[in-house]
Structure formats: structure tokens, C-alpha cells
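Reviewing the structure listed below.
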Amino acid sequence: MTITERGATGSAVTTHAEVTTRTVVYAADGLTMTAHLALPAGTGRGPAVLVGPEGMGLSDVERRRADALAELGYVALAFDLHGGRYLSDPEEMRARCLPMLADPDRLRDIGHAALDVLRAEPRTDPDRIAAIGYGTGGAIALELGRDGAGLRAIGTVNALTTGRPGEAARIDCPVWTGVGSEDPIMPPAQRDAFAAEMQAGGVDWRLTVYGGALHAFHHPPVDHPAPAGVGHHPLHARRAWRDVLDLLAECVPTTDTTLGAERADGKGELGVAPSCPVAH
């Protein structure tokens, strides 16, 4: 594993609350991946969060979210999908992501490669790792759970992907997922199939439907063509971020998670929930 510094000067970047970020280069899916690692202030070990991007790939949106999590005391790794590329062309994105989404083992390999990087970070408490993800990145988080990766929580937005029969029973942590009511890519039938899989597997699961929201409603507007059915919903984007933080505060709390956050995409809040049982 090679770790290189990120920033205009080539030195470590220090942001609000003394967050330090680094670029981490590693191999996955036959590519050289470039992830964004954000470390909280201090030197001790603490809970960690794997952050999976939308199908377009790693962008400043996920980097900011990782930084926001680090401000709350988490070690956060926003991982790469496409070997350092951001796929702004919807057709190119579909051509790469659809075969990936149809291959659970490939999703797991990509996820495990990133999870290995996060676990190898000296600041990470390897027994307290959660995974959150959006779209394709959320599908990867779910497949890690179905593979028994030992996560403490899984949170996804517009990633109601179902797995192979019976494998949901291997998910041994709470799962929260959010979806827009008007999402044509994750329609009601897909919601029902996901709910049935989670229930049959005995998973501790929750599904939040955000009224009037489209696919990728959490993602700020982009300056390139977007697939049909995609649209930003600022209010629900803030609510979904708060729901993600609630899940983390419940299952992998830090000292700072009781204080709230106003960081991802410049906005967001944190609610506090009861503690989760320890995942085995």
C-alpha cells in the first residue's frame, strides 16, 4: 500500500478541527485506485467509516463527507471505483457500473480492497468500522455485509440492491437505507424485494422513503449530463445526511457525535440514538 500526500503544495492538508487528509493508492478490480483518507485530530485509535461514491466515482462530494466525518472523530476513507477517474458521461458510467452491479463477487473484491486499506490505518479501531455508500458505493457496502465483513453498521442511499439467496443472513449489523419516493431506478418493486430479503435474513433493518425525491437526491447538482430520473433535493439531502449520522452515533459513537455536525455539502445535522449491540 502506498500513501501519498494530497494538496496543492504536496503536503498534508489540515482543515477545520485539525483534520488531516491523505491520498491512498491501492489495487482493486485490475486498476490502481486512489482513495481519500481523512484523519481526525489527535493520535489515538477510533471508529472508522468507509464511504462509497455514486456510480460516477469518487469526487469532492465524497471527500467533503469524509472530512466531515473526521471532524466528528471518525477515521474516514472515501474509496475509488474507477481507477482515479470520474465518469461524467452517463453512458460510460452505465457501461462500467452495470456489469459490476451484476457481479456480487466483483463488488465485494472492490469493497474488501478499500476496507483492507482502512483497517491497516494505525488510527483505525478495526473492531469499530461502519460502511456508508451511495448508489454503486452503497451496493458495495451491502455486499460487504452479505460477505460477513464484520461491520458495525451499514448505511446507504439509493442502493436497494438485493443479493444472492440466503446471504443477507450474514449481515450482523444494523442496516439503514434511504430512497426517494420518485426514484425510477429504485422503484417500489425494488424496495419490496430489498425489504423481503432483509426480513428473511433476520437483519436489523430500516428503510426511509423521502417523499418527492428522485434518484441521487442527496448529490449536489453537477455541471455535466445526468441520467434520467436523477435530481437534487436540498431538504431531503440534509435529512438523509442527518439519518446517516444518527446511524453512526448509534452504532459507532465518538465523543464528538453528541455535538452535531454542519459540514457535509456545507449542511447537515446530527441526532443521537441509543447504542447498538456489538456486532459479532
Side-chain angles (χ1 to χ4, degrees), residues 1 3 15-22 24 26 35-53 62-79 111-134 137-138 140-142 144-145 147-157 171-177 203-206 240-264 268-280:
M1 179 178 64
I3 298 179
T15 60
H16 183 77
E18 298 181 13
V19 170
T20 301
T21 65
R22 299 192 187 97
V24 183
Y26 62 101
H36 176 82
L37 177 68
L39 300 174
T43 59
R45 297 168 85 185
V49 183
L50 196 63
V51 182
E62 294 80 27
R63 294 184 186 101
R64 286 196 300 269
R65 286 172 179 162
D67 293 350
L69 291 170
E71 289 181 14
L72 290 174
Y74 295 103
V75 177
L77 183 77
F79 64 85
H112 277 295
L115 185 58
D116 287 347
V117 170
L118 185 56
R119 282 197 168 122
E121 164 56 44
R123 297 286 309 279
T124 296
D125 179 345
D127 295 323
R128 290 192 292 159
I129 299 178
I132 65 172
Y134 303 84
I140 289 172
L142 287 167
L144 285 173
D147 200 36
L151 299 171
R152 292 291 301 274
I154 297 171
T156 77
V157 177
I171 300 175
D172 57 0
C173 66
V175 172
W176 171 87
T177 188
V203 180
D204 176 4
W205 66 280
R206 287 167 277 176
W241 178 246
R242 183 167 63 245
D243 287 340
V244 166
L245 295 181
D246 282 348
L247 176 72
L248 297 178
E250 179 184 349
C251 297
V252 280
T254 71
T255 302
D256 293 332
T257 51
T258 58
L259 303 179
E262 297 253 340
R263 296 297 301 162
E269 297 176 30
L270 174 66
V272 178
S275 297
C276 281
V278 175
H280 298 290

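Worth knowing before you read on, the calculation uses all heavy atoms, side chains too, and leaves out hydrogens, waters and symmetry mates. For the single chain, residues carry numbers from 1 onward in sequence order.
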- [ ] Kindly compute the distance separating CG (L72) from CG (D67), expressed to the nearest 0.5 Å.
- [x] 11.5 Å
TODO: Of all the heavy-atom pairs spanning C173 and L151, show the shortest one and how long it is.
DONE: CB-O, 3.2 Å
Task: Derivation and outcome, side chain to side chain contact (heavy atoms under 4.5 Å, CB included), residues W176 and E250 - done: CA-CA 12 Å; W176 171 87; E250 179 184 349; over 6 Å; no
TODO: Measure the CZ-CD1 distance between F79 and I140 for me, rounded to the nearest 0.5 Å.
DONE: 4.0 Å
Open item on the list: Checking T156 now: which residues fulfil side-chain hydrogen bond (donor to acceptor under 3.5 Å, both in side chains) with it, not counting sequence neighbours?
Closed with: T177
Task: H36 versus A66, closest heavy-atom pair with distance - done: CD2-CB, 3.9 Å
Open item on the list: On a heavy-atom basis, which atom in A48 and which in Y74 lie closest, and how many Å separate them?
Closed with: N-CD2, 4.4 Å
TODO: Please say which of L245, V75, V19 ends up in a side chain to side chain contact (heavy atoms under 4.5 Å, CB included) with L69.
DONE: L245
Task: Closest heavy-atom pair and its distance - P174, R152 - done: CD-O, 3.5 Å
Open item on the list: Within this structure, what is the CG-CZ distance for the pair D243 and R206, rounded to the nearest 0.5 Å?
Closed with: 8.5 Å
TODO: Please round to the nearest 0.5 Å and tell me the distance separating atom CD1 of I129 and atom SG of C251.
DONE: 14.0 Å
Open item on the list: With a 3.5 Å distance limit and no angle check, can you tell me whether R63 reaches the backbone of A38 through a side-chain donor-acceptor pair?
Closed with: no
Open item on the list: Which residues pass the side chain to side chain contact (heavy atoms under 4.5 Å, CB included) test with A130, not counting sequence neighbours?
Closed with: A153, L248, V252
Open item on the list: How long is the straight-line distance from CD1 of I171 back to CG of D204, given to the nearest 0.5 Å?
Closed with: 11.0 Å
Task: Atom of G145, atom of I154 and distance for their closest heavy-atom approach - done: CA-CD1, 3.7 Å
TODO: Could you list the residues that satisfy side-chain hydrogen bond (donor to acceptor under 3.5 Å, both in side chains) with D125, not counting sequence neighbours?
DONE: R128
TODO: Show your working on side chain to side chain contact (heavy atoms under 4.5 Å, CB included) between L77 and E121 and close with a plain yes or no.
DONE: CA-CA 10 Å; L77 183 77; E121 164 56 44; over 6 Å; no
Task: Spatial distance of atom CG (L118) from atom NE2 (H112) [nearest 0.5 Å] - done: 13.0 Å
Open item on the list: Restricting to non-hydrogen atoms, name the atom on T124 and the atom on R119 that form the minimum distance, rounded to 0.1 Å.
Closed with: CG2-CA, 4.3 Å
